[in-house]
Every structure is written in C-alpha cells, then in structure tokens.
Amino acid sequence: MNLVLYEDEIRALEEVLQRLRQDSNARAVFLIDKNGQQLAGAGATDSIDTTSLASLTAGNVAATDGLAKLIGEREFSVLFHEGQREHIHISIVAKRAILVVIFDERSSLGLVRLRVKRAGQEFEKIFDLMERKARDAEAGGPEQRPTPFSEITDEDIDALFSD
Amino acid sequence: MTFINYAAKEINCKIVYYGPGLGGKTTNLQYIYSKTAPEAKGKMISLATETDRTLFFDFLPLDLGAIRGFTTRFHLYTVPGQVFYDASRKLILKGADGVVFVADSQRERMESNIESIRNLEVNLKEHGLDLKALPYALQFNKRDLPNILSVEELYRVLNFKREPTFEAVAPAGRGVFDTLKSVAKQILVELRKR
Ligand SMILES: Nc1nc2c(ncn2[C@@H]2O[C@H](COP(=O)(O)OP(=O)(O)OP(=O)(O)O)[C@@H](O)[C@H]2O)c(=O)[nH]1
Ligand SMILES: [Mg+2]
C-alpha cells in the first residue's frame, strides 16, 4: 500500500518532530522511510547532508534487520552510535518509518530514549489515520484522489532529458 | 509500503544497477557523477572494500528538474556483484522502481551474467517485485575489449523481455546516459499509469 503525504500529514509529523527535538534537547531529528527517503525533519537540519543521512541510515537499518533475522530475532528496534561529541539514536517507529535523533552532551541517551518512546506513540496515531484514509480511498474507487502524475505527457518526460 | 510526498512536491525514484562483479556498475555511476552539474547532484557515497570492490552499495542522488511542478529526484544505487554478497544485494533491491543490468561483454564472463540475471529475478521476487513488470534496461558493457561476444549473441542469451539494450564503454561514458535515460523514462511512464 502507498501512504500519501499531503500538507496536513507532513505538518502533523513535523509537529511531533519539533516537540521531540525540544523535549530531548537534540540537535536534529529526522523521519525517514525504509527505502532511504526523508519524510520530515526538525532542528539543525541545514548543517547536515540529509540525503546522504537518509540513504546511509536506511542501509544501516536494512543490514541490521538482516542480522536480526539471521539469529532468529524479529528486529533490533534501536540502534545507537556513540561518538566523541555527537551521537545518533536510530529507532523504528510504528513499524513503518525510521526515526533518527542526533544529539550531543546537552542531552543524554536516557532522555532521548524516553522522549523517542513518547513520540513513537504519536507517530503511530498519525500513520494509522493515514492508513485508514488510504484504505477508504482504495475502497471508494480510483477517481477519488487524482494523482498529479496522471497528467504527465511524453513531452514532459522528454524535456527532462533534453540537453 | 511506500510513502509518496505530495507536500514536498517531489517525485523520488530508486534505480538499482545490478550485474556480475567487475562488470562496471560502479563505473557507470562514477561517470554520471563526473558529468553532472554540481547543482543537479548530491554527494556520491561508495561503501567499498580496500580494493575498490563494492561492499554494500554506491549511492548517487540526481535532480533532473521539474515535471508539472514536481522535482524529479533519482536515487541511483549499485549492488555488490560478487556472488557471496547476496544478502546485501537483496537489501539494496528493496523498493526499486527500476533496474539497469550491466552485463560484461567478455566471453569468459557469460556464465556470470546468466547467473546474475537469475539471481536478480529471485531477489526481486522476495520483495514481491516482478522483473517482467519492472522498468528495466540491459547494458552490454566493455565493448572496447578484444575478447567480447557479439551483441546478437549477448542479446539472444541475456534479453529477458525484449527490454531496451545499449552498448557501453563505461569509463569513457559510451552508452552510460542512454541507459540511464531509458530506465528513467520507463519509470515515469509507469508512474503516470498509477
Ligand atoms: N576496458 C574497460 N574496463 C571497464 C569498463 N567498465 C568498467 N571497467 C573496469 O572494470 C573494473 C571494475 O569496474 P567496477 O565499476 O568497479 O565494477 P562493478 O560492477 O562495480 O564491480 P563490483 O563492485 O565488484 O560488483 C574497473 O577497473 C573499471 O575501470 C569498460 O567498459 N571497459
Ligand atoms: Mg561496484
């Protein structure tokens, strides 16, 4: 199933991220899908190459999932990388997305853990709502939520590659 | 489950370069990287061994411009071609919107090409993807070497569904962008159907 993010959904996710960043005193927080696409972020996101971050995190999670299955675990729900100054806390939220928290000595692992747990429940509610909407749309037939892509012409596609 | 971000006005597509070890997958991405304007590309990430063999993946994000107000972003990945990296290879295929198969034209690499395409089909199936239905291009690389098979012979054995094919010399760039464009176009056409 495809979950479509419209302005409302993005805003809801960003609100949770912003609160999480504040409450945990983190430098930046990101929500990423399991294929390595960034969904939303909050905090000092400009100082970080977010595209690389998303792709490496997804790779990291995928590899760790593989390791878990090898030893008969369903998943390792949390990854933590401790640096000298900066640390990365990676967790799976609501089974659907990856939550990344980047923090330094102004925060602590304990605090991050606590706040991530709370944010996870809020993300779960948002995703559940999105999923319900998506299912309703599917049941109601294809014309309910028109995709902007249906209007793409051959000329549009060719224009992308002209140079 | 895929997330589609209408709010950010972005189309994100994942293209995976697949094929036998040393076939030239990484070289394809390196050439694309070297010929793309700085504002249209992100950092290229290569997770490689000390001898420059791909260990996990190469990653190159490309920004091709806008369609109907949507920024089209292509995420190019290569898999590690060496046979024993199959577990990693499978992970990279997840969520692929299109695949480029980089075949090695050298006579002695034919068995490896065949084995790699079979492996591609199997690994796609495990993600619920079907090569028959997926945007796909086949590249015959290393056309500059002396001990190569004819294009007809390669096509006869390796073509899977009459996919578009391209002759290439990846380090010199021959065929590299034609291959990429072919699969990118197929992906956008697919997107329109959805
Ligand atoms: N002569 C010639 N050499 C090539 C060509 N394409 C790639 N090579 C060389 O072949 C070697 C392997 O290329 P890579 O791009 O690293 O191969 P790969 O498919 O990424 O290999 P793995 O990472 O092990 O899967 C390099 O030394 C390249 O320079 C080609 O078209 N002609
Ligand atoms: Mg490689």
Side-chain angles (χ1 to χ4, degrees), chain A residues 1-14 31-40 49-56 58-67 69-70 95-97 127 130-131 134 142 145 147-163, chain B residues 1-14 36-37 40-45 47 56-70 72-77 87-88 90-97 177-178 180-182 184-194:
Chain A
M1 180 174 18
N2 287 341
L3 285 191
V4 179
L5 298 167
Y6 293 95
E7 304 282 353
D8 289 349
E9 282 88 6
I10 289 287
R11 214 172 303 127
L13 293 174
E14 274 173 356
L31 203 60
I32 291 164
D33 80 2
K34 288 193 169 176
N35 296 333
Q37 202 190 135
Q38 195 200 312
L39 301 174
D49 177 350
T50 54
T51 312
S52 296
L53 180 99
S55 135
L56 285 174
N60 196 344
V61 167
T64 312
D65 265 358
L67 284 177
K69 303 239 159 61
L70 274 185
K95 291 191 210 68
R96 304 173 183 88
F127 287 140
M130 284 169 66
E131 219 168 279
R145 277 193 164 188
T147 90
F149 307 135
S150 56
E151 289 168 18
I152 295 175
T153 63
D154 288 346
E155 286 75 35
D156 289 334
I157 294 174
D158 285 332
L160 262 195
F161 294 103
S162 63
D163 52 25
Chain B
M1 172 160 31
T2 311
F3 288 95
I4 301 179
N5 195 343
Y6 284 2
K9 295 247 162 209
E10 276 176 14
I11 307 175
N12 282 287
C13 310
K14 177 171 178 176
T36 305
K41 69 187 173 196
K43 203 163 48 230
M44 178 162 166
I45 293 173
L47 304 179
F56 195 6
F57 58 79
D58 299 298
F59 168 69
L60 173 60
L62 286 183
D63 227 334
L64 284 190
I67 288 189
R68 309 254 147 186
F70 276 72
T72 49
R73 197 156 283 155
F74 288 91
H75 288 180
L76 312 189
Y77 283 86
S88 315
K90 204 179 299 175
L91 296 177
I92 305 306
L93 266 187
K94 188 170 178 227
D97 296 298
F177 273 99
D178 289 340
L180 170 63
K181 281 178 194 177
S182 163
K185 271 191 189 179
Q186 292 176 54
I187 290 173
L188 293 171
V189 168
E190 248 340 277
L191 203 63
R192 177 168 64 187
K193 281 193 221 151
R194 263 192 246 152

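Every chain is numbered from 1, with letters handed out A, B, ... down the list of sequences.
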With a 4.5 angstrom heavy-atom cut-off, which part of [X] approaches chain A: side chain, backbone, both or neither?
{"X": "Leu64(B)", "result": "both"}
{"X": "Leu47(B)", "result": "side chain"}
{"X": "Ile45(B)", "result": "side chain"}
{"X": "Ala66(B)", "result": "backbone"}

### Message
What verdict does the side-chain contact (heavy atoms from CB on, under 4.5 Å) test give for Met44(B) and Asp58(B), after you've listed the backbone C-alpha separation in whole Å, the side-chain angles of each residue and the deciding distance to 0.1 Å?
### Response
CA-CA 7 Å; Met44(B) 178 162 166; Asp58(B) 299 298; 4.2 Å; yes
Looking only at Gly36(A), Ala58(A), Ala62(A), the option with the highest number of non-hydrogen pairs under 4.5 Å against chain B is Ala62(A)
With chain B, the option among Met130(A), Arg11(A), Lys34(A), Glu7(A) that has the most non-hydrogen atom pairs under 4.5 Å is Glu7(A)
Any heavy-atom pair between the side chains of Thr153(A) and Arg68(B) that's under 4.5 Å? yes
Honestly, the part of Asp156(A) sitting under 4.5 Å from a heavy atom of chain B is both
When the 4.5 angstrom heavy-atom criterion is applied to Ile10(A) and chain B, the contacting part is side chain
Q) Hey, what's the ring geometry for Tyr77(B) with Phe57(B), parallel, tilted or perpendicular (30° and 60° as the breaks)? A) perpendicular
field: Side-chain donor/acceptor of Lys43(B) to backbone N/O of Thr51(A), under 3.5 Å
entry: no
Next on the checklist: Just by distance, no angles: are the side chains of Asn12(B) and Glu10(B) close enough, under 3.5 Å, to form a donor-acceptor pair?
Outcome noted: yes
Value for CZ (Phe59(B)) from CG (Leu56(A)), rounded to nearest 0.5 Å, stands at 8.0 Å
